> 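I have a structure I would like to understand better, so I am pasting it below and will then ask my questions one at a time.
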There are 2 protein chains.
Amino acid sequence: MKEETPDQEALPKEAPHKETVTQRAIEQIKAMIAQGRLEPGQRLPTERDFAAQLGLSRSSMREAIRALTVLGVLEARHGSGVYVTQLEAGDLLETFGVVADLSRGPQLAELLEIRRIMESSATALAAARITPEQLGVVEAHLEAMRLTEDPERILAHDLAFHRAIAVAAGNETLAVLLEGLSSRTFRARVWRGYREEGAFERTRREHERIHRALVARDPEAARAAAAAHVGEVERWLRLQLDQGTPLPG
Amino acid sequence: MKEETPDQEALPKEAPHKETVTQRAIEQIKAMIAQGRLEPGQRLPTERDFAAQLGLSRSSMREAIRALTVLGVLEARHGSGVYVTQLEAGDLLETFGVVADLSRGPQLAELLEIRRIMESSATALAAARITPEQLGVVEAHLEAMRLTEDPERILAHDLAFHRAIAVAAGNETLAVLLEGLSSRTFRARVWRGYREEGAFERTRREHERIHRALVARDPEAARAAAAAHVGEVERWLRLQLDQGTPLPG
DNA sequence: CTCGAAGAGTGGTCCGACCACCTGTGGGAT
DNA sequence: ATCCCACAGGTGGTCGGACCACTCTTCGAG
């Protein structure tokens with residue numbers, strides 16, 4: 001560690017960082033998109049041509065394309081070509097679920113706290129902005145949860161219930177982000193032990209409380225209800241962690 | 001867009017999805033980590049061996065490894081081997097900056113709204129939890145911003161100021177997420193035109209207002225101050241978008 | 001005992017070949 | 001003239017091998 005300008009406070013330092021050819025290609029392609037030289041939906045040159053243009057082998061170019069593909073920036077269609085995605089929230093945040101899938105222990109608790117923050121705000125926004133039709137969708141999922149006892153379907157409608165609310169909040173990016181946080185694996189893991197504690201009935205009441213706040217168009221009540229809802233799961237999870245109970249997964 | 005079976009409520013539909021060999025390898029490796037068969041910091045078999053184990057060529061295996069590398073799940077060290085990262089927030093959320101970098105227009109506004117939600121909550125949490133030392137760091141960056149006029153350094157300390165607060169909120173994941181949202185490129189783009197409207201002095205006052213709320217340990221005041229701070233940038237951005245002004249970048 | 005050089009092993013890059021798939025085209029049937 | 005389909009070319013997907021750059025360990029010289 002060598003400090004140069006020991007100013008007031010430490011500022012970010014950028015290492016020289018070995019530049020691998022593939023990494024540079026990734027940066028170049030990203031830059032092309034950022035600069036508008038490649039637009040959403042546009043088709044890229046063929047892997048062979050593009051590799052020649054940027055001065056690297058097809059193998060390395062393929063790795064770069066694969067990397068940008070998993071990031072949701074590019075999309076490869078076998079036999080057709082490689083295209084830039086629409087670069088919408090749904091495309092770029094698809095990978096966000098990985099974070100939830102691979103996080104564990106204390107980090108899972110932190111993610112749940114973040115979800116509580118965003119879910120409560122989203123629900124509050126929804127209370128102010130929701131349209132009758134959107135409210136109908138919310139109610140449909142609520143009703144569907146009441147009519148079945150299949151855990152799979154309950155969970156699916158639970159997710160859809162919250163997503164419908166997030167969409168009604170009018171921020172698609174927020175909705176996608178929340179969906180990632182409540183991804184199948186994430187919720188399934190927590191739910192596995194959660195449901196066995198009779199928390200099922202309570203969950204239903206919490207959902208109805210959220211619904212009432214939406215109907216009343218009361219943002220603060222909605223915020224409180226949503227925060228309490230997520231907070232319950234959060235509390236249970238922290239309890240498990242304190243007890244040293246190993247999480248399934 | 002074609003709507004099919006607008007039944008009660010649409011539930012997620014999973015396409016058959018062509019399974020490319022590389023994609024399957026990615027899933028397999030992710031599963032191994034999720035199941036604990038591969039632990040943080042652990043070294044993977046060599047590319048050649050691992051490829052043989054999973055029954056594919058080294059080329060395809062390399063693409064899978066590259067993909068998981070950009071996601072922050074794996075780390076390849078030239079000449080040494082491939083390792084699982086610590087799977088901490090900093091590792092997995094590194095890619096989040098890409099979203100901010102490649103978003104534009106209305107999507108940028110949505111991201112800013114998300115930042116406002118999280119920043120205000122983080123600041124509120126910080127007001128309740130911040131330690132004297134952490135407060136000292138915050139003040140140092142505040143002072144540093146006052147003492148220089150170099151936009152580069154001001155911006156750097158601005159970022160560090162907010163990051164210090166987020167860290168004080170006690171949620172590292174939240175801090176990393178916010179850092180991604182306020183990434184260099186993202187803020188630089190918005191700032192470019194923003195500072196020229198005399199908003200610079202106002203920004204300083206807003207920062208001081210946040211600081212006072214932290215000193216007073218007043219979460220609600222802190223929340224309001226942070227929300228107003230981000231809200232100002234948000235308002236300006238929406239104005240630009242309404243005017244159809246093309247964003248730089 | 002210390003230290004540096006050499007070797008083995010690893011990821012990084014490149015090449016060429018072949019396969020699977022899509023798409024546009026052209027000729028045939030209607 | 002119109003429609004349909006087989007076909008051929010082009011594209012991404014996969015494979016195997018070769019060589020380079022780097023790291024780490026080991027062992028011999030000092």
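Here is how names work: the chains are called A, B, and so on, in the same order as the sequence lines, proteins then strands, and each is numbered from 1. Because only heavy atoms are used, hydrogens play no part in the values below, and waters and symmetry mates are left out as well, while side chains stay in. These figures come from a predicted structure and were not determined experimentally.
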> The side chain of B:Ala76 lies closest to which of these nucleotides: C:dG11, C:dC14, D:dT14?
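Output: C:dG11.
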
> Can a salt bridge be assigned to the pair B:Glu27 and B:Lys30 using a cut-off of 4.0 Å between side-chain N and carboxylate O?
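B:Lys30 and B:Glu27: salt-bridged.
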
> Measure from CZ on A:Arg43 to P on D:dG12 and round the result to the nearest Å.
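After rounding, the gap between these two atoms is 6 Å.
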
> Classify the side chain of B:Arg58 versus the base of C:dG12 as yes if they form a donor-acceptor pair under 3.5 Å and no if they do not.
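Such a pair exists between side chain and base.
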
> Quick one: label A:Arg62 by what it contacts on the DNA or RNA (base, sugar-phosphate, nothing), any heavy atom closer than 4.0 Å.
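If one applies the 4.0 Å heavy-atom cut-off, A:Arg62 turns out to touch a base.
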
> What contact category does B:Ile65 fall into here, base, sugar-phosphate, or nothing, at under 4.0 angstrom with non-hydrogen atoms?
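Nothing: the residue B:Ile65, judged by heavy atoms under 4.0 Å, touches no strand.
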
> With a cut-off of less than 4.0 Å, is there a side-chain N or O of B:Thr20 near OP1 or OP2 of D:dG12?
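B:Thr20 to D:dG12 OP1/OP2: no side-chain N or O under 4.0 Å.
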
> Starting at CD of B:Glu47 and ending at P of D:dC19, how long is that distance when rounded to a whole Å?
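In whole Å, D:dC19 P lies 19 Å from B:Glu47 CD.
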
> B:His78 has an atom NE2; how far is it from atom C1' of D:dC20, in whole Å?
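Distance, rounded to whole Å: 8 Å.
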
> Roughly how many Å is it from CD in B:Glu19 to P in C:dA20, rounded to a whole number?
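Distance check: B:Glu19 CD to C:dA20 P gives 17 Å.
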
> Between atom CD in B:Gln23 and atom P in D:dG13, what is the gap in whole Å?
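So the two atoms are 10 Å apart, to the nearest Å.
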
> Would you kindly give the CE-to-P distance between B:Met61 and C:dG12, to the nearest whole Å?
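That distance rounds to 14 Å.
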
> Considering only side-chain heavy atoms of A:Ser80, which listed nucleotide, C:dT13, C:dC22, C:dT10, is closest?
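Nearest nucleotide to the side chain: C:dC22.
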
> Examine distances only and state if a side-chain atom of B:Asp158 and a backbone atom of B:Ile154 form a donor-acceptor pair shorter than 3.5 Å.
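No, because the side chain of B:Asp158 does not come within donor-acceptor range (under 3.5 Å) of the backbone of B:Ile154.
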
> Roughly how far apart are A:Ser121 OG and A:Leu178 CG, rounded to 0.5 Å?
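Result: 9.5 Å between the selected atoms.
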
> Is the backbone N or O of A:Glu172 less than 3.5 Å from a side-chain atom of A:Glu88, with the two atoms forming a donor-acceptor pair by type?
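Side chain of A:Glu88 to backbone of A:Glu172: no pair is present.
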
> Could you tell me how far apart B:Glu63 (CD) and D:dC15 (C1') are, to the nearest whole angstrom?
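Result: 11 Å.
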
> Want to settle it: does B:Arg48 or B:Leu56 sit nearer the 5' end of DNA chain D, counting the closest nucleotide to each?
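Counting from the 5' end, the first nearest nucleotide belongs to B:Leu56.
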
> D:dG13 base to A:Arg77 side chain: any donor-acceptor pair below 3.5 Å?
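Result: no qualifying N/O pair found.
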
> Per the atom types in the model, does the base of C:dG11 pair as donor or acceptor with the side chain of B:Arg66 at under 3.5 Å?
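Side chain to base: no pair present.
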
> Look at the side chain of A:Gln23 and the backbone N and O of A:Thr20, then say whether any donor-acceptor pair between them is shorter than 3.5 Å.
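No, the answer is negative, given that no donor and acceptor are paired below the 3.5 Å cut-off.
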
> Tell me if the side-chain of B:Ser59 makes a donor-acceptor pair with the base of D:dG16, cut-off 3.5 Å, by modelled atom types.
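Present.
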
> Taking for each residue the nucleotide of DNA chain C bearing the nearest heavy atom, is the 5' side occupied by B:Val82 or by A:Ser60?
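The residue whose closest nucleotide sits nearer the 5' end is B:Val82.
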
> Whole angstroms only, please: what is the CD-C1' distance between B:Glu75 and C:dG11?
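Atom CD in B:Glu75 sits about 13 Å away from atom C1' in C:dG11.
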
